[in-house]
Amino acid sequence: DDEAIDQYKKAIEIDPSNSVTYNNLGVVLRDEGKIAEALENYHKCIQLSPHEMNPQHNVLLASNYHTQFTVDKIQELHLTWGRNTCARVTQSQFKEWNYAKTNNKFEKNKKLRIGYVSPDFYHHSVSYFIHNVLLHHNH
């Protein structure tokens, strides 16, 4: 919507250091089909707030709609995001955790417990894609 785009641009003029405004402008631009411009705003948001996850997720989503991004480029973006996220989570949250200290032993016939965690299981496209996985998960 042009009015929303104009308002976000005015907000950026007032406070160019507000990273959230760039992300929100990117969302509106993406919804309007202006993918390249949306990506520019997501990247500006990431530059201002490198640990903010929303713009990173939005880059991955928008990359699917960019006409000049190949499947290989999109895959590389996802793999890079995964590596970076795992490295950050591993370093910050699990630094002290050590598998050897858990006393877990490999047992060939022991059941493997799997948990599915996502903030997107309620009203999000992920909930449609995970449905059959959960439906056919071997309990």
Side-chain angles (χ1 to χ4, degrees):
D1 161 305
D2 290 338
E3 185 179 346
I5 292 170
D6 290 340
Q7 292 301 315
Y8 279 124
K9 287 181 177 180
K10 286 178 186 175
I12 288 170
E13 287 177 20
I14 294 168
D15 184 4
S17 65
N18 186 335
S19 64
V20 174
T21 307
Y22 290 98
N23 182 66
N24 292 347
L25 175 56
V27 169
V28 174
L29 290 165
R30 183 194 68 218
D31 290 349
E32 290 291 313
K34 300 174 181 177
I35 305 304
E37 198 176 344
L39 288 167
E40 289 174 20
N41 282 278
Y42 296 144
H43 288 297
K44 181 64 177 178
C45 179
I46 293 167
Q47 181 183 5
L48 292 169
S49 297
H51 298 294
E52 181 65 40
M53 297 304 288
N54 265 347
Q56 295 178 36
H57 297 161
N58 285 330
V59 166
L60 297 177
L61 177 61
S63 69
N64 290 295
Y65 306 112
H66 197 294
T67 58
Q68 295 180 351
F69 282 23
T70 65
V71 171
D72 291 338
K73 170 70 173 171
I74 295 168
Q75 180 184 21
E76 185 54 39
L77 286 170
H78 282 80
L79 291 172
T80 300
W81 176 86
R83 283 187 218 103
N84 292 341
T85 301
C86 286
R88 185 171 57 250
V89 168
T90 302
Q91 291 169 4
S92 64
Q93 295 177 353
F94 300 108
K95 191 173 185 178
E96 301 300 321
W97 187 77
N98 183 337
Y99 183 78
K101 293 180 184 177
T102 65
N103 296 322
N104 285 335
K105 296 180 181 160
F106 175 75
E107 296 177 31
K108 186 175 184 178
N109 294 319
K110 184 177 178 180
K111 286 186 178 182
L112 175 63
R113 297 184 73 183
I114 298 174
Y116 299 94
V117 180
S118 175
D120 296 325
F121 284 155
Y122 192 62
H123 285 296
H124 193 275
S125 59
V126 168
S127 65
Y128 301 109
F129 294 111
I130 195 70
H131 176 75
N132 283 332
V133 173
L134 297 175
L135 188 64
H136 297 289
H137 182 93
N138 183 5
H139 298 277

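Because only heavy atoms are used, hydrogens play no part in the values below, and waters and symmetry mates are left out as well, while side chains stay in.
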Spatial distance of atom CG (Leu39) from atom OG (Ser63) [nearest 0.5 Å]: 7.5 Å
Are the side chain of Asp15 and the backbone N or O of Ala11 linked by a donor-acceptor pair below 3.5 Å? no
Leu48-Val20 co-clustered via ILVMFWY side chain contacts under 4.5 Å: no
If you measure from CG on Asn54 to OG on Ser49, what distance do you get to the nearest 0.5 Å? 11.0 Å
Do Met53 and Thr85 touch side chain to side chain, with heavy atoms closer than 4.5 Å? yes
With rounding to the nearest 0.5 angstrom, report the CG to CD1 distance, Leu135 to Ile130. 11.5 Å
Hphob cluster co-occupancy, Leu77 + Ile46, side-chain heavy atoms under 4.5 angstrom: yes
Can you name the closest pair of heavy atoms from Ala62 and Ile35 and give their distance? O-CG2, 3.4 Å
Give me each pair satisfying salt bridge (Lys or Arg N to Asp or Glu O under 4.0 Å) with a member in residues 39-56, each pair once, sequence neighbours excluded. none
How long is the straight-line distance from CG of Leu79 back to CG of Asp72, given to the nearest 0.5 Å? 10.5 Å
Going by heavy atoms in the side chains, are Leu25 and Ile5 under 4.5 Å from each other? yes
With sequence neighbours excluded, what pairs up with Asn58 under the side chain to side chain donor-acceptor pair (under 3.5 Å) test? Asn23, Arg30
If the condition is ring pair (Phe, Tyr, Trp, His ring centres under 6.0 Å), which residues does Tyr8 pass it with, not counting sequence neighbours? none
Treating Gln56 as the side-chain partner and Pro50 as the backbone partner, does any N or O pair qualify as donor plus acceptor under 3.5 Å? yes
From OG (Ser19) to CG (Asn41), nearest 0.5 Å: 11.5 Å
Are Tyr65 and Val28 linked, directly or through intermediate hydrophobic residues, by side-chain heavy-atom contacts shorter than 4.5 Å (ILVMFWY only)? no
By side-chain contact (heavy atoms from CB on, under 4.5 Å), which residues pair with Asp1, not counting sequence neighbours? Glu3, Ala4, Glu32
Salt bridge (Lys or Arg N to Asp or Glu O under 4.0 Å) partners of Lys9, counting only residues at least two apart: Glu37
Within residues 21-57 or reaching into it, pairs that qualify as ring pair (Phe, Tyr, Trp, His ring centres under 6.0 Å) - sequence neighbours excluded: His57-Trp81
